[in-house]
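Quick notes on the structure that follows.
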Amino acid sequence: MSMASRLLEVTDLNVEYSSRAGPVKALESVSLAVGRAETIGIVGESGSGKSSLGLSIMKLLPPNIHAFSGVVRLEGSDLTRLSENEFRRTVRWKKISMVFQGAMNSMNPVIRVGTQIAEPLFFDSSLSRHDAERVAKRNLRAVGLSDEVFRRYPHELSGGMKQRAVIAMALVTNPKLVLLDEPTSALDVSVQAQIMNLLKKLRTEMGLSILFISHDLALASELSEKIAVMYAGQIVEFGTNSDVLTHPLHPYTQLLLASAPRLTGGLSPGFIPGIPPDLVKPPAGCRFHPRCPYVFERCKNEDPLELVPDPGHSVRCWLHGEKE
Amino acid sequence: MLASWGERMTDVLELLDAKMSFRVGRGFFHGTTLTAVDEVSMSLKRGETLALIGESGSGKTTLGRLTLRLLEPTGGKIIFDGKDITHVSEGKLSWFRKAAQTIFQDPYSSLNPAMSVQNILEEPLEIHHLNERKVNEETIFNALKNCGLTPQENFLPKHPHLLSGGQRQRVAIARAIILRPKYIVADEPVSMIDASGRVEILDLLRSLQVSYGISFLYITHDIATARYSSDRIAVMYLGRIVEVAPAEELIRNPLHPYTVALIGAVPEPDPSNLQRERPSIPGEAPIPIELPPVCRFNLRCPKFMKGTCDKEDPALEEIAPNHFVACHLYS
Ligand SMILES: Nc1ncnc2c1ncn2[C@@H]1O[C@H](COP(=O)(O)OP(=O)(O)OP(=O)(O)O)[C@@H](O)[C@H]1O
Ligand SMILES: Nc1ncnc2c1ncn2[C@@H]1O[C@H](COP(=O)(O)OP(=O)(O)OP(=O)(O)O)[C@@H](O)[C@H]1O
Ligand code: SF4
Ligand SMILES: [Mg+2]
Ligand SMILES: [Mg+2]
């Protein structure tokens, strides 16, 4: 990707939370670039660090941060150097917005849906209240809801309608990048399919860049041109949608693909043995080595480097390393 | 009909036109009736797993609770092991409480955080006055072993918060099997467990089904796991079972337009999906209040036939061997 087409660039991001048991290494040297009008899927199990990545970009990490380092650039300028005030004035909800995990269930119950959608616009002094409402209604229509929903309260909406409303909320300021954290995981497949089709449509119409966070690789692959697979706070594989789905390189990705029951194909998926790692004391060497069927000596001692066996397809796994 | 009599003998559970209505609404709407399960008939064979799939609000949990007599039906009959338990009072259901167990969705809230694994597993034995210490110890040890929680002595003193999600669900399963039940309702037992651990839990349920001949009602949103873990699949829509068939048959040859749509909506890891819209059913299911006696799916159905689907309520009929569907396209 050329420099000019890069919208967001995350470089060597490290995040640790403090906890009673010690610092939790939630993100470890995570680097990622998102192009204009590009969708990147962030896939991984619970606790792999997906939300932490999204919240880092939004500068909304919880207060118990033990350590933070790394650079987040938007159109070339380093966001980590902006003060909270500047960031709020120029970036958050303006250029980058986010649909938080579980957002549809944490809408304010006593404020009308329309007011909640228009809220980010009220901060913008150049818009009258009337104009803000007009824009909000236009956004409601764009996500497939009628104007009449504007006056309703969240409890008067179905799950699918609430999810559309929080998407409208994230898009109302016409951002360049939107981070969607598990936007459909609480929905039925049929409603999920409607929301995914909606996102495909909006992305094209608005030229949006999307970071689509999900624990479901199949779901992420419906929308994402590229996929980053996370394990224990690291991106362990990155490639195009078809690279990752049809030639997964990391044993974790391979097992993840093989372990999900499907409607087609054989009946006997496997599973990933063992339990997810403790991020206070992550395993030495490759984070995945205690669960990996191909583990060998080097995996136990040396943290795999990011290797690029095929152009544009990278992996952190010694199986793809050069022979010593 | 000797054959069908023989089949009936092996049913552990039978519902006959079971119905569950709730009074809902306040003020002006006071007295409105919501019918969550509407005249459902079904049966479950000994050692069989029947998956119950359908959208949120279709009545799956209510049906499961009816079969456990946690709810008293407002119509129809519930037969368990040949005995009519439809309106039997709680005091006379003790034998049934032992024979029928449940596993819930959330392994975090379904286990008492103040109790150790040992206490959690002792509790059902105590409730049913099984007080022989030596025997109980052995029973608990075996249950833990059968659920893959070994070495047992490591788990016995632990409290749930020290266990992973998958391990907690195993404890919940151990609790469910400890009284050697005949029937277990597993309501979304893996939906809160990571994809990589799901199959392990489903395999465990399957192995218990086989080794103890336990019958399962497996309630889920996830058709793919239903295919993986059950013998037959029943599809529920707005309080009715609209299709039932052997699992593979239902997925390969779905007949009801709702089943067809549900299956079409499941994402598959196929790179070409990037360029495609996913098939989806328009709209969402209404709330089951005062539904007219017509096909419940007619307003969303791509195969809607005017004059039929909006006039008559289709009955569940056997279209092919063991394949039942309630749809005017086939009657
Ligand atoms: N505020 C916090 N304090 C301490 N630890 C935290 C905090 N927030 C997250 N963690 C830990 O950091 C790690 C990464 O969490 P994160 O929420 O980013 O994962 P995730 O991939 O989004 O998981 P999920 O799929 O469950 O949403 C986990 O081990 C989690 O327990
Ligand atoms: N005690 C109750 N009083 C009133 N209505 C109820 C009660 N229990 C369930 N319902 C209603 O009955 C319908 C079926 O609910 P049920 O919980 O059985 O659905 P479900 O298929 O299990 O959904 P989910 O997939 O969301 O768990 C819903 O409309 C629900 O709101
Ligand atoms: S580096 Fe080694 S342990 Fe890690 S995934 Fe590759 S083979 Fe497995
Ligand atoms: Mg998260
Ligand atoms: Mg339910």
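Residue numbering restarts at 1 for every chain, and letters A, B, ... go by the order of the sequence lines.
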Problem set entry | Among the listed options Gln192(A), Lys200(A), Arg262(A), the residue most often paired with chain B at heavy-atom distances under 4.5 Å | Arg262(A)

For this session: Among Asp216(A), Val244(A), Thr264(A), Leu217(A), single out the residue with the greatest number of heavy-atom pairs under 4.5 Å to chain B.
Result: Thr264(A)

Problem set entry | Proximal component of Ser221(A), with respect to chain B [non-hydrogen, under 4.5 Å] | both

Exercise. With only heavy atoms counted, which part of Leu255(A) is less than 4.5 Å from chain B, the side chain, the backbone, both or neither?
Worked result: neither

Exercise. With respect to chain A, which residue among Ala224(B), Pro269(B), Pro282(B), Gly197(B) yields the maximal number of heavy-atom pairs within a distance under 4.5 Å?
Worked result: Pro269(B)

Problem set entry | Options Val266(B), Ile287(B), Asp203(B), Leu202(B), ranked by heavy-atom pairs under 4.5 Å with chain A, top entry | Val266(B)

Whether the side chain of [X] engages the backbone of [Y] through a donor-acceptor N/O pair (distance < 3.5 Å, no angle test) should be reported.
{"X": "Glu268(B)", "Y": "Ala218(A)", "result": "no"}
{"X": "Asn273(B)", "Y": "Glu222(A)", "result": "no"}
{"X": "Asn197(A)", "Y": "Glu277(B)", "result": "no"}

Exercise. What part of Asp222(B) is in contact with chain A, defined as an atom under 4.5 angstrom from a non-hydrogen atom: side chain, backbone, both or neither?
Worked result: neither

For this session: Considering only heavy atoms, give the residues of residues 232-244 of chain B separated from chain A by less than 4.5 Å, sorted numerically, with 'none' for an empty result.
Result: none

Problem set entry | Contacts with chain A made by residues 253-263 of chain B (heavy-atom distance under 4.5 Å), listed by residue number | Leu262(B), Ile263(B)

Exercise. Does a side-chain heavy-atom distance below 4.5 Å link Glu284(B) with Leu187(A)?
Worked result: no

